There are 2 protein chains.
Amino acid sequence: MARAATTADAFNAVAEPQRRRILDALTGGERSVTALAEELELTQPQVSKHLRVLRDVGAVDVREDGRHRLYRLNAEALRPIHDWVRRYERFWSERFARLDSVIEDLKRQDHRDE
Amino acid sequence: MARAATTADAFNAVAEPQRRRILDALTGGERSVTALAEELELTQPQVSKHLRVLRDVGAVDVREDGRHRLYRLNAEALRPIHDWVRRYERFWSERFARLDSVIEDLKRQDHRDE
DNA sequence: TTGACATATTCCCATATCGGCATACGATGA
DNA sequence: TCATCGTATGCCGATATGGGAATATGTCAA
């Protein structure tokens, strides 16, 4: 045993800037490998490899179309990231800060009522 | 040139499961290195190193306290992640799907008005 | 069938990364 | 001052990673 489990999960997939760019591009709809390569100025193997990782974590789906393979976003796979990071929202959001103080007030009131 | 810019950014910092655990623990308030090590069942150097990465991306702050160093969460640094992944919310959320269709309706109405 | 096109895979290289262990460093208390 | 505690860092070994180039695989069109 020598290296941490890199567990090919969504967090890891998305840690790579190029892969984020690919996902961003796919928000515009299906794309072929070549189309992505041109749009993002990457080589074809580069794109294929990154798509492979994204596929493995379920962030994209593929569809055959003649000699093309059309890749499509599957945002569901990003949900765990959203869910995780959302828990930190309260620590920077003014809105949540105000909500917290309201809750504190209610607690204090509860105590007084007892 | 041979490896991608691993650019020590928030995305990378958070790709490591242990580092996420550390951040999660810090939502409970300040912690010393040893306290984190015990709570998460990690070795002290392991914790120190991960905290180093988290510090470098600004996700935690340190405060000296005698021979202890108290680490505190700085969630602001996670905001870019939140902002990025939030853009994908529309692709899985029913709520956003409905909103999208409302917008489509409005667009169609606009065309009719012209 | 053959040739061009689209994509995936493989091999290689350079480097980053994580954990383990030992150790260095700074602060405290006796 | 010295021993101890708390923490950071350095080194090592094993492995993962990303890009580049070449190549394999598959598909369509003539």
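Throughout, a chain's letter reflects where its sequence line sits, starting with A, and its residues are numbered from 1. Because the structure is predicted, anything quoted here is derived from the model rather than measured.
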Item checked: Sugar-phosphate, base or nothing in reach of B/Gln18, heavy atoms under 4.0 Å ->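 Sugar-phosphate, no base atom in range.
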Note to self: By the 4.0 Å heavy-atom rule, please label A/Gln44 as base, sugar-phosphate, or nothing.
What the structure shows: base
Notebook entry, point to check: How about B/Tyr88 and A/Asn74: does a side-chain donor come under 3.5 Å of a side-chain acceptor?
Noted result: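 No, no side-chain donor-acceptor contact under 3.5 Å.
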Note to self: Can you tell me how the ring of A/Phe11 sits relative to the ring of A/Trp84, calling it parallel under 30°, perpendicular over 60° and tilted otherwise?
What the structure shows: perpendicular
Given atom [atom1] of [X] and atom [atom2] of [N], what is their separation to the nearest angstrom?
| X | N | atom1 | atom2 | result |
| --- | --- | --- | --- | --- |
| A/Asp9 | D/dA16 | CG | P | 15 Å |
| A/Arg67 | C/dA6 | CZ | C1' | 7 Å |
| B/Arg69 | C/dG26 | CZ | C1' | 10 Å |

Check: Which nucleotide in the set C/dT9, C/dC18, C/dC21 lies at the smallest distance from any side-chain heavy atom of B/Glu16?
Finding: C/dC18
Check: So does B/Arg87 pair up with B/Asp83, basic N to acidic O under 4.0 Å?
Finding: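 Salt bridge absent between B/Arg87 and B/Asp83.
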Check: DNA chain D: A/Arg19 or A/Gly66, which has the more 5' nearest nucleotide?
Finding: A/Arg19
Notebook entry, point to check: Taking for each residue the nucleotide of DNA chain D with the nearest heavy atom, is it B/Ala35 or B/Lys49 whose nucleotide lies nearer the 5' end?
Noted result: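 The residue mapped nearer the 5' terminus is B/Ala35.
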Next item on the list: For the pair A/Arg19 (side chain) and A/Ala13 (backbone), establish whether a donor and an acceptor sit closer than 3.5 Å, ignoring hydrogens and angles.
Entry: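 Between the backbone of A/Ala13 and the side chain of A/Arg19 there is a qualifying donor-acceptor contact (under 3.5 Å).
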